[in-house]
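Encoded as structure tokens, the structure appears first; notes follow it.
A, B, ... follow the sequence lines: proteins, then strands. Residue 1 opens every chain. This one's a predicted model, so the numbers in the text were calculated from it and none came from an experiment.
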Amino acid sequence: MSDSTSFFGDPDPIFANKDLLRVQHLPDKDRIIGRDEELTQLANAIKDAAHGRTPNNVLVYGKTGTGKSLCTKYITNDLVSSAEENDVSVGVAYVDCFQDSTETQTVRSIADSLNDPDETDIKIPMSGLSTSDYYRRLWNILEDRYDVGLVILDEIDKLDSDDVLMQLSRAAESGKIEDSTLGIIGISNKIRYKETLNERVRSSLSERNLVFAPYDAKQLGEILNSRIDAFREGVVEEAVIPKIAALAAREHGDARKAIDILRYAGESAYERGHESVREIHVDEAHEREERNRLSELISKLPSHSKHLLNALALQAQQHDDDDPEIPTEDIYSLYEIMCKQEGTDPLKNRRVRDLLSELEFLSVIHQQHKGRGRGRGAHTVNQLVDEPKLVIKACKSA
DNA sequence: CCTCCACAGGAATTTGCGGGGT
DNA sequence: ACCCCGCAAATTCCTGTGGAGG
């Protein structure tokens, strides 16, 4: 601690408005840096909606932290207000397909965010309806409230079926909705995503394609500078922002991570009781950012997946071997023991294999098929992608 | 190069949940 | 109040298979 005697009373010596460094924070237009080209293209693609006509469907590509979601949210907000001036009502539904990955969940989520139960007298329950019921309600809501519906599907590549896309893209032509119309904006970080779609959906979904390039050091610097107001005047030393920008540009060009690092740097300066943010804080912040990414991912996992990961990490630690391959059956037996100690009953073997392959899909672990020779069967071995220590820590805290 | 079998993973089935309809 | 439905998660059932040892 510093020599300050008060824990809450004194004003924060480092931060003036920390909210500016939250990822969710949606900046004004003049704070969106280096995406003018992309914003114009996006606006052009969907501008028809402002006049009540059907907008183009768009696919937006780009690595994480390149401003895809941010720009899409900004431009759709803008569209809603300029449509209002023309007496056109536009409804925007934002869906994170990582969370709502099944067809039913996606439709439900779209319907829910476009709905206003007081106005439409339509209720959208969390579950209990058939998928087609959700669709029916969605169409009714659209006709009731909006001239144009815009559906933003973030992380669209995480969808486990094309059916939603199919339904949405032909809603208008098949006469499900008559007075309203619908546009889709798909956001993906896999450039090859389009190739995995069937022909019918592909052509209608990708009427326009946009690619967001990673930010370079100069742009990252500007982005960070635009949020400098989060700090008290003069506490961030000059070298700090260029250093973070260079670091982030070299590694990934991810603005979200760059902002996280800046925030962590501020926090670590605060914790040490320093009155300015210096270069040494950046190095700490960088490490902290990497650790946090993993624990955030793990904390969103279902509890049984966490236990499995924990079991795998513990066994990996037993081996002196670096990056040991652990057979599934070993993970399972340790997992069983852990569950019994904790008083929850363990899942069966088959389910566990499914959960493990989900973890592989999330690239938290790596799996490999191996045979064991005559009369000894074949099995799968599992490896952690990250350090066992980090994983165990993340499992505990979650 | 063939063989042999424990585990992999697809398919069918059950369970639990949160709703409608009557 | 009751029964019935669809979905997701979990379980049961069962065929397919990788690859070291013969």
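- Closest contact between the side chain of A378(A) and the listed nucleotides dA8(B), dT11(C), dG18(C) involves dG18(C).
- Here R374(A) does not reach the OP1 or OP2 of dT3(B): none of its side-chain N or O atoms lies under 4.0 Å away.
- Ring centers of F212(A) and Y61(A): at least 6.0 Å apart, outside the cut-off.
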Determine whether K306(A) and E342(A) satisfy the following criterion, salt bridge (charged side-chain N to carboxylate O under 4.0 Å, His left out), listing intermediate values before the conclusion. CA-CA 13 Å; K306(A) 277 184 225 163; E342(A) 210 190 84; over 6 Å; no

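- Atom NZ of K243(A) has more than 12 neighbouring heavy atoms from other residues, nucleotides or ligands inside a 6.0 Å radius.
- When the side-chain nitrogen and oxygen atoms of T328(A) are compared with OP1 and OP2 of dA8(B), one or more of them lie within a distance under 4.0 Å.
- With dC7(C), dG9(B), dG19(B) as the candidates, the nucleotide lying closest to the side chain of M126(A) is dG19(B).
- Atom CG in L356(A) sits roughly 9 Å away from atom P in dA8(B) (whole-Å rounding).
- Rounded to an integer number of Å, the gap from CG of D354(A) to C1' of dA11(B) is 12 Å.
- Nucleic acid contact for S132(A): none, since no nucleic acid atom lies under 4.0 Å from a heavy atom of the residue.
- One interatomic measurement links the two molecules: CG of D345(A) to P of dT15(B), which rounds to 15 Å at whole-angstrom precision.
- Ranked by how close their nearest DNA chain B nucleotide is to the 5' end, G373(A) and L129(A) are led by G373(A).
- Residue R353(A) contributes atom CZ, which lies 14 Å from atom C1' of dA11(B) at whole-angstrom precision.
- The backbone N or O of A217(A) sits nowhere less than 3.5 Å from a side-chain atom of R250(A) that would complete a donor-acceptor pair.
- N57(A) places a side-chain N or O within 3.5 Å of a backbone atom of S204(A) that can act as its donor or acceptor partner.
- In this structure, N349(A) places its CG atom 9 Å from C1' of dC7(B), rounding to the nearest Å.
- Scanning both residues, H51(A) and K47(A), for their nearest heavy atoms gives ND1-O, 3.7 Å.
- The distance between atom CG of N382(A) and atom P of dG9(B), rounded to the nearest whole Å, is 10 Å.
- Counted within 6.0 Å of CZ on R200(A), heavy atoms from surrounding residues, nucleotides or ligands total more than 12; the atom is thus considered enclosed.
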Between protein and nucleotides 1-4 of chain C, what N or O pairs are separated by less than 3.5 Å?
none

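- In this model, a side-chain donor or acceptor of R350(A) finds a partner on the base of dG10(B) within 3.5 Å.
- Classification of the Y332(A)-Y335(A) ring pair by plane angle, with boundaries at 30° and 60°, yields tilted.
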Can you check nucleotides 8-10 of chain C for protein contacts, nitrogen or oxygen pairs under 3.5 Å, and list what you find?
residue	atom	partner	partner atom	Å
dA8(C)	OP1	T102(A)	OG1	2.7
dA8(C)	OP1	T104(A)	OG1	3.4
dA10(C)	OP2	R351(A)	NE	2.5
dA10(C)	OP2	R351(A)	NH2	2.7

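- For dT17(C), neither phosphate oxygen OP1 nor OP2 lies less than 4.0 angstrom from any side-chain nitrogen or oxygen of H379(A).
- Side chain of S89(A) to main chain of R145(A): a donor-acceptor pair is present (N/O by atom type, distance under 3.5 Å, no hydrogens or angles).
- We find that CG of D133(A) is positioned 8 Å from C1' of dG20(B), with the value rounded to whole Å.
- Across all non-hydrogen atoms, the minimal contact from A45(A) to V58(A) is CB-CG2, 3.7 Å.
- A sub-4.0 Å separation between OP1 or OP2 of dG6(C) and a side-chain N or O of S127(A) is absent.
- As a whole-Å value, the separation of R372(A) CZ from dG21(C) P is 12 Å.
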